[in-house]
Engineer: 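Below: one structure in C-alpha cells.
So that the names make sense, note that chain A is the first sequence line, chain B the second, and so on, each numbered from 1.
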Number of protein chains: 2
Amino acid sequence: MTVEPIANPRKTPRQARAEATVEAIEQAAARILVQGGIEALNTNRIAEVAGVSVGSLYQYFPNKTAIMGALIRRKRARLLDGLRAAVASDAPPNTHMRRLILAFIHHQTGWPQLAQALDRAEVFLPLDEETRRFEAEILSILLPPVTAFGPDDPALAARDIMALCRGMVEAALLRGETDAEAICARLLPAITGYLKASSA
Amino acid sequence: MTVEPIANPRKTPRQARAEATVEAIEQAAARILVQGGIEALNTNRIAEVAGVSVGSLYQYFPNKTAIMGALIRRKRARLLDGLRAAVASDAPPNTHMRRLILAFIHHQTGWPQLAQALDRAEVFLPLDEETRRFEAEILSILLPPVTAFGPDDPALAARDIMALCRGMVEAALLRGETDAEAICARLLPAITGYLKASSA
DNA sequence: CCAAAATACGAGCCTTTGCTCACATATTGC
DNA sequence: GCAATATGTGAGCAAAGGCTCGTATTTTGG
C-alpha cells in the first residue's frame, strides 16, 4: 500500500449508471470492512462484491486508499451533521451536551463495526490536512457548550471530553449495549465531574 | 494473513544465542510497528532489521501472527504487573484509584506508539480465550477499589472507567502530552463524577 | 442514425510477502 | 575429537493483490 498524496476520484461520473457504479463500490467496500476488517479489503474483492470489474473501479478511484478515503469522508460528514443538529436550537448548555453525546452515540451505533473499522483505517491514511480541518470543525462545535461550563482551558476540555466519550461509547457498543440513553446517563456525570473540577 | 489457531513458539530456544535471536526478532518487530504500523510489518523486513535470516525467524515463530502475539503477551504482562503493584499496599480506595490510573498512563507512555499499534493489532488476532482471561484478570484488580465507592454495578463501573481512561490517555499521549500527573488530575474528577452518580 | 464520448470489462503483468527447504555452521556431551 | 543436536542461512516458491490496458458496450448530442 503506497502512501501517496491523496486520493480523489480519477474521473467524476457524468452518467447515472456511473454514479451507481461508484455507489456500489463504496457499499461493497463498507460491507467487506465490516465483515472481515481491513485485512479482507482488496480491490479485486471489492469489485466482485460490487458486481463490477476492477477496471471500472479504477476508473473512479486512483487506488485502494482512495476508496477508504471516500468512506471516511462520508462518515465524517455524517458525524458533523449530527453534531451540528444537536446544537442547532436554543437550549441550556446542559441540554446541548446531552444532545451532543446522544448524537455521537447514535453515529457510532448506526453501523458500529464499520465505524470502528474506519477509525482504525484512518491511521493508515495520509489525510493529514483534511483530518486537521475535520478536528477543528468538531472543536468549533463543542467549544460553545463546553465553554459555558467555565473550564480553565476550554479547548483542552473539549478534546478530553471527546476522547473520553469515544472510549466509553466504543467499548459499550462492542460489548453489545444498545441503549443509547443508558450509556449517555453514565457518561454525563463523568463529564460533569470533569468540568466542575477544571474550573478554578 | 491467515487466521489460525494460535501461535506458540515452534521450537523453544535452548542456547543463549537462540534466546538472543528471539529477542532480536521481537525488538525488530516492535521497532517496525512503531515506525510504520501494521502495514509495514512483514517477516522479511523483521528478519532484516533483526539481523537474522527469515529461516531463523521461522524456527521460533510458526507465522507472522505469532510474533505479534508475543509482543501483545509481553505488553499485557507488563500492564498487569503495573496494576497489581498499584494496589499492593494498604491504602484508601482513593489512593488506589490514583495509583491505578498513573500505572496505566505510565504503561502507555513507555512506548505510546507501540502500545497503540498493538492495541489495533489485537483485533486481528484470534487470541479470544487468552484475551478473555486477560480482561478478567484486569477486572479482578479493578473491582476491589471500585466496589469501595459503592456503585450499583461494580463490574460495569470498572469496565466503563477502564474504557474512559483508555480513551483520554491515548488521545493525550498522541497529542504529545508527557505529564502523567496532569493527565491523571483531569481524569480523576471524571471518574469520581461517574462513581458518585452510579451509586443509588 | 451515427460518431464521439462515457462507461464497462477482465485477462494478466508485476510486485509484495508469507513461508519452506536443502544446506552450512556452531555447540554440547561424551 | 566426534557425533548428535541446536542454530543459522537465504534463494526462491507459490499465492495474493494492486493496478493497467486493449477492447467491447452503452449513452449522448446533433
Side-chain angles (χ1 to χ4, degrees), chain A residues 1-29 32-33 36-70 121 124-126, chain B residues 1-29 32-33 36-70 121 124-126:
Chain A
M1 204 191 297
T2 339
V3 174
E4 300 229 335
I6 288 273
N8 282 317
R10 176 171 281 188
K11 201 187 273 184
T12 14
R14 297 180 196 286
Q15 301 178 4
R17 64 183 172 140
E19 285 205 58
T21 301
V22 170
E23 181 65 24
I25 291 168
E26 293 185 7
Q27 292 291 335
I32 295 171
L33 263 179
I38 314 174
E39 59 167 0
L41 193 76
N42 65 69
T43 53
N44 291 317
R45 198 158 151 59
I46 293 174
E48 184 195 322
V49 172
V52 304
S53 73
V54 237
S56 295
L57 188 154
Y58 278 96
Q59 208 138 44
Y60 302 104
F61 298 92
N63 51 48
K64 179 176 149 181
T65 312
I67 302 174
M68 301 210 301
F124 295 148
L125 306 184
Chain B
M1 205 192 296
T2 341
V3 174
E4 300 230 335
I6 287 274
N8 281 317
R10 174 172 280 188
K11 199 188 275 185
T12 13
R14 296 181 198 288
Q15 301 178 2
R17 65 187 172 136
E19 284 205 60
T21 300
V22 171
E23 181 65 23
I25 291 168
E26 293 186 8
Q27 292 292 334
I32 295 171
L33 263 179
I38 314 175
E39 59 166 0
L41 194 74
N42 65 69
T43 53
N44 291 319
R45 195 156 152 61
I46 293 174
E48 184 195 323
V49 172
V52 303
S53 71
V54 237
S56 295
L57 188 157
Y58 278 97
Q59 209 137 44
Y60 302 105
F61 298 93
N63 51 49
K64 178 176 147 179
T65 312
I67 301 174
M68 300 209 302
F124 295 149
L125 306 183

Engineer: Specify the closest pair of heavy atoms between A:A40 and A:G36, including all atoms of both residues, with the distance to one decimal.
Structural biologist: CB-O, 3.5 Å
Engineer: Kindly give the heavy-atom pair with the smallest separation between B:A47 and B:S53, and that separation in Å.
Structural biologist: CB-C, 3.8 Å
Engineer: Starting from C1' on C:dT16, measure out to CD1 on B:I38 and report it in whole angstrom.
Structural biologist: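 Going from CD1 in B:I38 over to C1' in C:dT16 covers 18 Å.
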Engineer: Roughly how far apart are B:I32 CD1 and B:R45 CZ, rounded to 0.5 Å?
Structural biologist: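 B:I32 atom CD1 to B:R45 atom CZ measures 5.0 Å (nearest 0.5 Å).
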Engineer: Rounded to the nearest Å, what distance is computed from the CD1 atom of residue A:I32 to the C1' atom of nucleotide D:dG18?
Structural biologist: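 In whole Å, D:dG18 C1' lies 14 Å from A:I32 CD1.
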Engineer: Is any side-chain heavy atom of B:F61 closer than 4.5 Å to one of B:T43?
Structural biologist: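 Counting from C-beta outward, B:T43 and B:F61 never come under 4.5 Å.
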Engineer: Could you state the atom-to-atom distance from CD of B:E39 to C1' of C:dT17 in whole Å?
Structural biologist: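 Those two atoms, CD and C1', are 14 Å apart.
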Engineer: Heavy-atom contacts under 4.0 Å between residues 15-26 of chain B and DNA chain D, which residues?
Structural biologist: B:Q15, B:R17, B:A18, B:T21
Engineer: Does A:S56 make a side-chain N or O approach to OP1 or OP2 of C:dT7 shorter than 4.0 Å?
Structural biologist: no
Engineer: Let me know the distance between CD of B:Q59 and P of D:dT5, rounded to the nearest Å.
Structural biologist: 15 Å
Engineer: Report yes if at least one side-chain N or O of B:S53 is closer than 4.0 Å to OP1 or OP2 of D:dT9; otherwise report no.
Structural biologist: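 Checking D:dT9 against B:S53, a side-chain N or O does come within under 4.0 Å of OP1 or OP2.
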Engineer: For DNA chain D, determine which residues of residues 42-52 of chain A have any heavy atom closer than 4.0 angstrom to one of its atoms, and list them numerically.
Structural biologist: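 A:N42, A:T43, A:N44, in order of number.
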Engineer: I need the CG-P distance between A:L57 and D:dC21, as an integer number of Å.
Structural biologist: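 Taking atom P of D:dC21 as the reference, CG of A:L57 is at 16 Å.
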Engineer: Answer yes or no: does a side-chain N or O of A:Y58 lie under 4.0 Å from OP1 or OP2 of D:dC19?
Structural biologist: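 Yes, A:Y58 has a side-chain N/O under 4.0 Å of OP1/OP2 on D:dC19.
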Engineer: What I'd like to find out is whether the side chain of A:V49 reaches to under 4.5 Å of the side chain of A:Q27, using heavy atoms alone.
Structural biologist: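 No; the side chains remain at least 4.5 Å from each other.
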Engineer: Are side-chain heavy atoms of B:I38 and A:E39 found at a separation under 4.5 Å?
Structural biologist: no
Engineer: Whole-Å distance between C:dA8 C1' and A:R14 CZ?
Structural biologist: 16 Å
Engineer: Can you confirm whether B:L57 sits close enough to B:T21 that some side-chain heavy atom of one is under 4.5 Å from a side-chain heavy atom of the other?
Structural biologist: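 B:L57 vs B:T21: side chains apart.
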Engineer: Quick one: OH on A:Y60 to CD1 on A:I67, what's the gap to the nearest 0.5 Å?
Structural biologist: 13.5 Å
Engineer: Please list all pairs passing the salt bridge (Lys or Arg N to Asp or Glu O under 4.0 Å) test where one or both residues lie in residues 16-28 of chain B, with sequence neighbours left out.
Structural biologist: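 As it turns out, the salt bridge (Lys or Arg N to Asp or Glu O under 4.0 Å) pairs with a partner in residues 16-28 of chain B, which skip direct neighbours, are B:E23-B:R74, B:E26-B:R74.
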Engineer: Within this structure, what is the CZ-to-P distance between A:F61 and C:dA8, rounded to whole angstrom?
Structural biologist: 12 Å
Engineer: Taking OP1 and OP2 of C:dA8, is either one under 4.0 Å from a side-chain nitrogen or oxygen of A:Y60?
Structural biologist: yes
Engineer: Over how many whole Å does the gap from A:M68 atom CE to D:dG17 atom P extend?
Structural biologist: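 Going from CE in A:M68 over to P in D:dG17 covers 14 Å.
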